[in-house]
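Just below is one structure, and these are the notes that go with it.
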Amino acid sequence: MLVRLDGPGTLVEQVYAGLRAAILDGTLPPGSRLPSTRALAEESGVSRTTTQAAFDQLTAEGYLEARAGSGTYVAAELPDGSMSASGIRAASSAPSAPSIRLSAYGRCLADRRFEAPNPNHAVRYNFRYGLPPVEAFPYDIWRRLLNRQIQDVSLRSLRYGPAEGSPALREAIAAYLARSRGVACSAEQVVVINGSQQGLDLTARLLVEPGDAVVIEEPHYQGARNVFLASGARIVSCPVDADGLDPALLPDPGAGVRLVYVTPSHQFPAGGVMPIARRLALLDWAERAGAVVIEDDYDSEYRYDGRPIPALQGLDRGGRVVYTGTFSKVLFPSLRIGYAVLPESLLGPFASAKWLADRHTPTIEQETLAAFIDEGHFERHLRRSRAANSSRRAALLAALDDEFGGTIEITGSNAGIHVVVWFRDVPADRTDAIVAGAKAQGVGVYSVAPYYLTPPETAGLLIGYASLNEREIREGIALLASVVDQKPV
Ligand SMILES: Cc1ncc(COP(=O)(O)O)c(C=O)c1O
């Protein structure tokens, strides 16, 4: 196939643009197989590295799908339906559609939809990842503290507050992180944000220019990948193993990588915990590469086996780590409160970015949370939910063992509130049928494939367990087994 190479930009950008245009105008229809990167490179007179980089970017954006052992295909569903060939025609024939010129960022968001996943509340046994044990939350205490804030409302808490967050909460977070996570910071380095997602967004705005290389883990957290894609980054993936990301597989330090996004304490979603030697090697690499590391410590409050390893941030001597954490997994996600711990050099720009984005996180909730932590309720709640999650995890592991025995492999069970279950003998192309079959039985389970750029060869499911009780877990897994046992038709 011939890719037009007469547009603006680098060769990678031209190959990318040529392939994307061919997909959108229907020359490469959904489901069609692409030539190999080698064949395309030879035909187009560019290097294979160039075609591979263009394929990787289109895969990261959802236009292409790599199928292990069989090649690369145009995705059956393009990232944004309105940009498909028929979509473009429909949009241009709409009489009153104004033509609004979008920024590069705006174009990126128009090309694909980013939206909250369907919560799938309809299923009886929902093993959705990321739902904390909400029934364990001490509502009475929270209500009392919130009421107190509202009754005591002073002029101070009604005015705009500081962009960095309420001083009481920053102090409480800094002290908590020092005693529980080995994070070395002063309260001045803590910025309160609307969930760690905002930390990723603001960091990308400060550091990433369109075309810059950003390394993400493979598999990875899609919420991070999407932020970097929206900022125009060139996504470079780095494989993980049972010890998380391997710094030896990172690009050459001279390759111009701006940012590396990692989840070292509990790799998302596969679950590896990065040992200290790799943490030090990663920091050393970042120093040599002049790159910043985002350490997303999203759920390591829940640890069941093995000793906790101190945060990467606490080992960082060069001021290269942006550490983010969240209350979404330990309290509840709609609270929308998280925190970033920044190196001195980024503190000012980060606080300015927060101020420009939304001024600050709501003061009354921040001060309620500060009191909740200072009065000991937070860590008491953590201890209780850790115990509840630990029993649920044990029930899940036992149920999986009873139902599937040695036919599965489980990763990531030593921390967090989810595991990944691999069905050794089930090919990946049966996963969607298993998910659909389970849903028909009232069981919500979720394919692990969307978390990969190159999907795995065997069927894998992401199973969250914190929001179901032990009986529900056993019943749900038994139903799942009946679906997996069914022979494909
Ligand atoms: C790995 C990871 N990082 C970050 C987040 C973002 O969390 P929040 O923005 O709710 O703090 C999530 C949410 O599920 C996550 O799974």
Side-chain angles (χ1 to χ4, degrees), residues 114-120 126-134 137 165 169 173 176-177 181 190-205 214-230 237 240 244-245 259-274 293-303 311-313 321-341 354 357-358 361-362 365-366 369 378 389 411-412 415-420 446 448 450-452 462-467:
F114 298 113
E115 55 192 358
N118 176 355
N120 203 359
N126 195 353
F127 289 89
R128 179 173 280 291
Y129 152 74
L131 299 178
V134 277
F137 185 69
L169 183 56
I173 291 172
Y176 164 69
L177 290 178
R181 298 293 307 119
V190 175
V191 176
V192 179
I193 46 184
N194 293 344
S196 41
Q197 191 67 24
Q198 185 173 44
L200 301 175
D201 182 53
L202 297 183
T203 309
R205 290 195 211 186
V214 170
V215 173
I216 60 171
E217 300 163 320
E218 169 74 339
H220 53 265
Y221 174 53
Q222 289 166 305
R225 176 181 75 181
N226 290 341
V227 162
F228 302 134
L229 280 175
S237 69
V240 305
L245 177 136
L259 205 60
V260 180
Y261 167 80
V262 279
T263 48
S265 296
H266 187 222
Q267 201 279 326
F268 185 86
V273 178
M274 193 188 278
V293 178
I294 300 186
E295 174 177 21
D296 182 355
D297 200 4
Y298 63 104
D299 73 356
S300 59
E301 286 86 359
Y302 301 125
R303 244 208 105 60
L312 197 61
Q313 192 276 355
V321 175
V322 172
Y323 175 91
T324 62
T326 180
F327 291 99
S328 291
K329 310 281 178 267
V330 282
L331 297 180
F332 52 98
S334 68
L335 182 62
R336 305 310 306 136
I337 299 187
Y339 41 89
V341 177
K354 171 74 180 162
D358 59 10
T361 297
E365 278 78 0
Q366 285 194 66
L369 179 53
F378 177 64
N389 289 341
T411 65
I417 48 177
H418 75 277
V419 298
V420 177
Y446 303 88
V448 82
Y451 301 93
Y452 282 80
L462 192 75
I463 296 195
Y465 50 83
S467 62

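Counting convention: from 1, in listed order, for ligands and their atoms alike. Note: hydrogens, waters and symmetry copies are ignored here, and every other heavy atom, side chains too, is used.
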Flag N194 as yes when one of its N or O atoms lies below 3.5 Å from any N or O atom of ligand 1, and as no otherwise.
no
Minimum-distance pair of heavy atoms, taken over all atoms of S328 and R336
OG-NH1, 3.5 Å
If you compare F268, Y298, Y221, F327 by their heavy atoms, the one closest to atom 5 (C) of ligand 1 turns out to be Y221
With atoms numbered from 1 as shown, which atoms in ligand 1 lie under 4.0 angstrom from a non-hydrogen atom of R336?
8 (P), 9 (O), 10 (O)
Provide the closest heavy-atom pair for Y323 versus E295 in the form atom of the first, atom of the second, distance.
CD1-OE1, 3.2 Å
Give the C-alpha distance, both sets of side-chain angles, the deciding distance and a yes or no for side-chain contact (heavy atoms from CB on, under 4.5 Å) between F327 and L369.
CA-CA 10 Å; F327 291 99; L369 179 53; 3.6 Å; yes
Straight-line distance of I417 CD1 to K329 NZ, nearest 0.5 Å
6.0 Å
Would R128 and S467 count as a side-chain hydrogen bond (donor to acceptor under 3.5 Å, both in side chains) here? Give the steps.
CA-CA 8 Å; R128 179 173 280 291; S467 62; over 6 Å; no
Looking only at heavy atoms, is any part of Q198 under 4.0 Å from ligand 1, and if so is it the side chain, the backbone, or both, or is it neither?
neither
Numbered atoms and elements of ligand 1 in range of Q197, under 4.0 angstrom, heavy atoms
9 (O)
If you scan protein heavy atoms around atom 13 (C) of ligand 1, the nearest is K329 NZ, 3.0 Å
In terms of residue, atom name and distance, what is the protein heavy atom nearest to atom 11 (O) of ligand 1?
T326 OG1, 2.5 Å
Closest non-hydrogen protein atom to atom 16 (O) of ligand 1, residue and atom name please, with distance?
Y129 OH, 2.3 Å
Heavy-atom contacts under 4.0 Å between S196 and ligand 1: side chain, backbone, both, or neither?
both
Report yes if the distance between the aromatic ring centroids of Y298 and F268 is under 6.0 Å, otherwise no.
yes
Return the residue, atom name and 0.1 Å-rounded distance of the protein heavy atom closest to atom 3 (N) of ligand 1.
D296 OD2, 2.5 Å
Please report the interatomic distance OG1(T324) to CD1(I193), rounded to the nearest 0.5 Å.
6.5 Å
Under 6.0 Å between ring centres, would you say that holds for Y339 and Y176?
no
Which atoms of ligand 1 sit under 4.0 Å from any heavy atom of S328?
8 (P), 10 (O), 11 (O)
